[in-house]
Amino acid sequence: MNVNLASTEEIRNLTHTLVDRRLWAEKLLAYVRAVIHARGKDRLRELRQLELAIQMELDDSRVTKPLYHFIWDHTETLRDKLSSTHTDLSDNELFLCACIYLGISTADVAEIRSVAPSSVIMSRYRLKKKFCLTAEDDLESYIQNYFKSDTKC
């Protein structure tokens, strides 16, 4: 498998950096919007430019795309094995399996994919069904132990 511990740690760090940046920018944006509604034309013009810059910063595709590709590129063996056994898995499902294998939390996967955490939870539920796992079975354990046996439904 072409996943190493340093890569996993780097992915976690990038994900947390992304979340921290986004939270900071959202707070700052709310403050700037409040100041914009204050008086003063010059200040208003400057603050609108700042607001636009912050909104552009919130467009995190510059960070999430490289992170997505980093995860995708470093889990090729896992995805190949899963897709050979479970031919009905989509690329999104294979990406989620890779994230689960790397130990990336549901909230962080949601941030990387720019979706709600509830969407990731629903995707995890659908994966369990595709893998023929019961409600009591652990999806993380299944994926972590996947290379020990070639289990099919």
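Bear in mind the structure is a predicted one, so any value in this text is a computation, not a measurement. Counting begins at 1 with the first residue of the sequence.
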Derivation of the side chain to side chain donor-acceptor pair (under 3.5 Å) call for Asp80 and Thr77:
CA-CA 5 Å; Asp80 287 347; Thr77 306; 5.8 Å; no
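- Note on Trp72: it clusters hydrophobically with Val109, by side-chain heavy-atom contacts below 4.5 Å among ILVMFWY residues.
- Considering CG of Leu102 and CZ of Phe70, their distance stands at 9.0 Å, rounded to 0.5 Å.
- Proximity of a side-chain donor or acceptor of Ser84 to a complementary backbone N or O of Lys81 within less than 3.5 Å is detected.
- Distance alone, capped at 3.5 Å, is enough to place a donor-acceptor pair between the Lys128 side chain and the Ala135 backbone.
- Taking Ile121 as the reference, Thr106 meet the side chain to side chain contact (heavy atoms under 4.5 Å, CB included) condition, with sequence neighbours excluded.
- Taking the side chain to side chain donor-acceptor pair (under 3.5 Å) definition, one finds that Thr87 meets it with nothing, sequence neighbours left out.
- Side-chain contact between Tyr142 and Asp137: absent, with no pair of heavy atoms (C-beta onward) separated by less than 4.5 Å.
- What you find for Asp88 and Lys130 is that their closest heavy atoms are O-NZ, 3.1 Å.
- In this structure, Glu93 contributes its side chain and Ser90 its backbone to a donor-acceptor pair below 3.5 Å.
- The closest side-chain heavy-atom distance from Arg124 to Ile100 is below 4.5 Å.
- In this structure, the side chains of Phe131 and Cys97 come closer than 4.5 Å at one or more pairs of heavy atoms.
- Ion pairing between Glu111 and Arg22 holds under the 4.0 Å rule for side-chain N and carboxylate O.
- For His86 (side chain) and Leu82 (main-chain N/O), no donor-acceptor pair under 3.5 Å exists by modelled atom type.
- Side-chain contact check for Leu94 versus Leu78: every heavy-atom pair is 4.5 Å or farther apart.
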Assess whether side chain to side chain contact (heavy atoms under 4.5 Å, CB included) is satisfied between Leu127 and Leu89, documenting all intermediate values.
CA-CA 8 Å; Leu127 269 178; Leu89 293 177; 3.7 Å; yes
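- Annotation: side chain of Ile71 is in contact with side chain of Ile104 (closest heavy-atom distance under 4.5 Å).
- Residues Tyr125 and Leu133 do not share a hydrophobic cluster, clusters being chains of Ile/Leu/Val/Met/Phe/Trp/Tyr side chains in contact below 4.5 Å.
- With sequence neighbours excluded, the residues that form a side chain to side chain donor-acceptor pair (under 3.5 Å) with Asn92 are Arg113.
- Listed for the Arg79 side chain is no donor-acceptor partner under 3.5 Å among the backbone atoms of Phe95.
- The distance from the OH atom of Tyr101 to the CG atom of Leu96 is 15.5 Å, given to the nearest 0.5 Å.
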